[in-house]
A.B. asks: 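One structure, as structure tokens, below. Some questions next.
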Number of protein chains: 2
Amino acid sequence: MPADRSQAPGPPTISEVAAEAGVGRATAARTLGGYGYVSPELRERVLSAAEKLGYRANALARSMSTGVSHTLGVIVADIGNPFFAGVVRGICDTSRARGFDTIVLSTYENLEEEIAATNVLIDKRVDGVIIASAAVGRGEVAHIKAAMDRVPVVLVDRAVAALDLDTVVIDNRDAAREAVEMLITAGHRRIGFVWGPPVAKPPATRRELLAQASRNLWTDGERLRGYLDALDDARIPFDPELVMAGRKTEERATAEVARMLAIPDRITAVFCTETDAVTGALRALRAAGLSYPRDIALIGFDDSAWAAVMEPPLTMIAQPVHELGAKAAQVLLDTLEGAEPGRETHTLRSRLIVRASVSAPPAS
Amino acid sequence: MPADRSQAPGPPTISEVAAEAGVGRATAARTLGGYGYVSPELRERVLSAAEKLGYRANALARSMSTGVSHTLGVIVADIGNPFFAGVVRGICDTSRARGFDTIVLSTYENLEEEIAATNVLIDKRVDGVIIASAAVGRGEVAHIKAAMDRVPVVLVDRAVAALDLDTVVIDNRDAAREAVEMLITAGHRRIGFVWGPPVAKPPATRRELLAQASRNLWTDGERLRGYLDALDDARIPFDPELVMAGRKTEERATAEVARMLAIPDRITAVFCTETDAVTGALRALRAAGLSYPRDIALIGFDDSAWAAVMEPPLTMIAQPVHELGAKAAQVLLDTLEGAEPGRETHTLRSRLIVRASVSAPPAS
DNA sequence: CTGTTAGCGCCTTCAC
DNA sequence: GTGAAGGCGCTAACAG
């Protein structure tokens with residue numbers, strides 16, 4: 001006489017289903033796990049028993065014995081940022097299509113959080129990790145190396161020089177150069193860069209600035225290089241006063257653009273490397289009673305529905321967010337399925353969406 | 001003679017750490033698991049052995065034997081929507097502060113996906129679930145009921161009438177009423193509602209419209225009710241032509257606002273229930289050569305940095321996104337820690353941020 | 001205080 | 001074809 005299953009605490013187990021169906025555990029496991037061979041008749045009995053009991057396989061137990069979790073871990077700076085939200089969606093879409101779940105963690109641009117997040121994923125035994133890392137120096141990659149020892153890792157959005165990994169990015173440097181070039185072609189020579197390295201005051205020399213940039217977020221450094229490239233090509237001297245300093249917040253961007261607007265030989269154009277930098281700059285313009293593109297030209301990173309409905313509409317750089325995520329997931333999944341990791345950099349194309357925020361500088 | 005641990009495949013286990021430290025497995029488990037008592041000396045040996053081997057606890061195995069995962073599951077419509085991104089951040093922040101990880105899944109407003117997501121969370125044995133469900137009718141809540149049988153569940157953003165659960169929302173109806181009231185006070189009587197129930201053509205009568213709304217997203221229905229409340233209070237007759245029909249996309253909003261602008265007795269104000277509806281409406285205004293607030297007034301749901309930098313800045317309803325998530329997590333965590341589930345509705349306050357997109361209607 | 005032992009739920013040889 | 005038995009890595013009683 002079997003024990004009363006309805007009294008069983010907790011969710012029904014495979015043994016209970018087996019008992020209910022009057023078969024052995026292995027038979028129940030085979031039909032429920034979808035492997036091995038089971039006669040149609042027993043199969044049917046097991047299925048209806050499972051149905052009746054409301055059986056759901058314990059993914060934890062399954063992972064324990066198989067060693068795989070069919071789960072990908074994703075670490076990004078801020079899931080609330082539309083850019084990362086798009087990337088994550090790309091990752092989720094393609095991994096789900098290939099039978100994988102996704103766990104995503106936000107670090108809010110904090111390395112401690114990033115390390116903690118990596119550990120969480122390792123502990124939960126994900127099969128692979130995709131990470132947009134804030135790490136740059138050799139001293140900051142230990143957690144990623146540790147992860148690499150256990151599972152395949154691919155980098156997205158941000159390259160890390162010290163790591164030999166598959167990496168999916170856009171050409172930030174070239175995208176920035178193209179945008180600033182457009183500003184220069186329109187006649188601008190005093191072009192503000194928002195935002196720069198998060199230091200109290202940017203270094204006075206190009207060399208130091210670049211060194212500074214290398215110690216910070218990869219994307220920021222690349223975009224700064226692109227800005228300098230365009231300046232160099234046009235033989236426009238670099239002016240440290242035109243590079244934003246301080247923390248990367250909307251408020252700070254407003255303050256810095258206000259400053260650049262107040263100096264004698266004021267800026268006539270701004271190049272913003274992020275969405276919050278754009279709104280921050282826009283606030284400064286309004287406060288100064290200036291309007292674009294008449295008084296000042298503006299180009300920013302990360303196009304959005306808002307940028308298109310601004311009056312006039314904003315010229316922006318659009319990143320292929322979904323593709324970035326999709327590609328990263330694809331590369332990772334391929335590796336999981338046995339492909340040799342290419343350890344190469346996959347560069348996707350961004351696009352400069354030309355609208356109406358750029359015209360010639362005002363005649364001074 | 002112990003086997004060569006360095007040859008061990010896979011991540012180091014607690015047994016290997018124990019062997020390395022020369023203690024019993026239980027002692028290693030106790031120090032690494034942070035429970036029970038271990039002498040300082042052995043403790044130290046275990047710790048350094050773990051360090052040396054790069055030991056990380058297998059969260060799966062741990063969950064298996066303890067029965068808890070210290071993980072919360074979250075299901076939202078679209079993590080890419082700034083509203084949900086904010087809510088999720090609120091959830092993550094408070095759950096992490098209380099020692100819980102978070103798994104978040106997006107359903108993209110699709111009930112099938114929502115059911116699948118629920119199953120994933122159940123299978124992964126999360127300790128509790130927070131869900132912004134698209135379910136409304138009694139026939140659509142089976143998956144939530146199934147989840148409730150296993151773990152505590154709390155609803156966020158969207159109430160579900162058929163479910164007796166802790167629910168964290170804002171008063172959508174009142175927020176909408178307040179906004180529309182402001183429009184009416186300014187003198188408007190022809191006020192467009194964007195967007196409405198996703199049907200090809202909204203019903204001609206109030207009664208049917210409301211019935212229709214009840215069959216769709218809870219928030220949408222509430223906001224529609226608020227719109228009607230305000231109309232009623234002002235004894236303004238309801239005109240079905242002023243309610244958007246069709247799929248809820250930016251493009252569709254543009255088309256519908258264009259339509260409302262083209263009818264003889266055209267709208268002089270628009271009330272938008274979502275961010276994409278706002279940008280869609282704005283596109284229609286531009287196409288019609290109209291500008292706000294002079295030609296038309298506008299209020300929308302979900303304030304953002306963009307809304308503040310528009311020229312003129314937009315009057316918007318701001319939801320307490322972070323608090324919504326934080327409260328939901330708090331209620332859930334309290335329940336997990338033994339508090340009796342209140343099964344009540346927690347209503348948070350939204351705010352109407354008055355800026356400059358509303359003025360009196362143009363003299364016709 | 002520490003080590004031994006028995007599961008957690010599932011998958012997986014291996015005989016029957 | 002199907003069932004019994006062992007093991008994944010960990011926790012938790014229970015001895016000692």
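Proteins come first, then strands; the chains are lettered A, B, ... in the order of their sequence lines, and each starts at number 1.
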A.B. asks: Take atom CZ of A:Arg43 and atom P of D:dT2, then tell me their distance rounded to the nearest Å.
C.D. replies: 11 Å

A.B. asks: Out of curiosity, A:Ile144 CD1 to A:Thr118 OG1, how far, rounded to the nearest 0.5 Å?
C.D. replies: 6.5 Å

A.B. asks: Would you find a donor on one side and an acceptor on the other, under 3.5 Å apart, between the side chain of B:Ser95 and the backbone of B:Ala329?
C.D. replies: no

A.B. asks: In whole angstroms, how far is the P atom of D:dC10 from the NZ atom of A:Lys124?
C.D. replies: 15 Å

A.B. asks: Students should find this one: the first and last nucleotides of DNA chain C, 5' to 3', lying under 4.0 Å from a heavy atom of chain A. What are they?
C.D. replies: C:dG9 to C:dT12

A.B. asks: How many whole angstroms separate atom OH of B:Tyr37 from atom C1' of D:dG16?
C.D. replies: 19 Å

A.B. asks: Testing A:Val23, A:Leu32, A:Thr27, A:Val38 one by one against A:Arg43 for a side chain to side chain contact (heavy atoms under 4.5 Å, CB included), which residue passes?
C.D. replies: A:Val38

A.B. asks: Got a sec, which residues hit ring-ring contact (aromatic ring centres under 6.0 Å, His included) with A:Phe100, two or more places apart in sequence or on another chain?
C.D. replies: A:His70

A.B. asks: Round to the nearest Å and state the distance from B:Arg56 atom CZ to D:dG9 atom P.
C.D. replies: 16 Å

A.B. asks: Can you confirm whether the side chains of B:Asp78 and B:Ser106 place a donor and an acceptor under 3.5 Å from each other?
C.D. replies: no

A.B. asks: Is A:Arg89 paired with A:Asp93 through a side-chain N to carboxylate O contact shorter than 4.0 Å?
C.D. replies: yes

A.B. asks: Please state how far atom CG in B:Leu53 lies from atom P in D:dG9, giving the value in whole angstrom units.
C.D. replies: 13 Å

A.B. asks: What pairs of residues pass the side chain to side chain donor-acceptor pair (under 3.5 Å) test when at least one of them lies in residues 326-338 of chain A, not counting sequence neighbours?
C.D. replies: A:Arg98-A:Asp334, A:Arg98-A:Glu337

A.B. asks: Output the residues of residues 57-65 of chain B in contact with DNA chain D, where contact means a heavy atom of the residue under 4.0 Å from an atom of the strand; sort by number or write none.
C.D. replies: B:Ala57, B:Asn58, B:Ala61, B:Arg62, B:Met64, B:Ser65

A.B. asks: From CZ of A:Arg45 over to C1' of D:dG1, roughly how many Å is that when rounded to an integer?
C.D. replies: 13 Å

A.B. asks: Need the bend value for the helix from C:dC1-D:dG16 to C:dC16-D:dG1: angle between end axes, 5 pairs each end, nearest 10°.
C.D. replies: 40°

A.B. asks: Would you call A:Arg62-B:Asp123 a salt bridge at under 4.0 Å N-O?
C.D. replies: no

A.B. asks: Give a yes or no on whether the backbone of A:Ala21 and the side-chain of A:Arg45 come within a donor-acceptor separation of less than 3.5 Å.
C.D. replies: yes

A.B. asks: Please list each protein N or O that sits under 3.5 Å from an N or O in nucleotides 3-6 of chain D, with the distance.
C.D. replies:
| unit_1 | atom_1 | unit_2 | atom_2 | d |
| --- | --- | --- | --- | --- |
| D:dG3 | OP2 | A:Gly24 | N | 2.9 |
| D:dG3 | OP2 | A:Thr27 | OG1 | 2.3 |
| D:dG3 | N7 | A:Arg30 | NH2 | 2.9 |
| D:dG3 | O6 | A:Arg30 | NH1 | 3.3 |
| D:dG6 | O6 | A:Arg25 | NH2 | 3.3 |

A.B. asks: Distance check: side-chain N/O of B:Tyr55 vs OP1/OP2 of D:dC10, anything under 4.0 Å?
C.D. replies: yes

A.B. asks: Are any of A:Ser39's side-chain N or O atoms less than 4.0 Å away from OP1 or OP2 of D:dT2?
C.D. replies: yes

A.B. asks: Is it the case that the side chain of B:Ser63 and the backbone of B:Val68 share a donor-acceptor pair, with hydrogens and angles ignored and the cut-off at 3.5 Å?
C.D. replies: yes

A.B. asks: With a 3.5 Å cut-off and no angle check, do the side chains of A:His346 and A:Asp166 form a donor-acceptor pair?
C.D. replies: yes

A.B. asks: Salt bridge or not between B:Arg96 and A:Glu112? Use side-chain N to carboxylate O under 4.0 Å.
C.D. replies: no

A.B. asks: For B:Leu348, is there any backbone N or O sitting under 3.5 Å from a side-chain donor or acceptor partner on B:Glu323?
C.D. replies: no

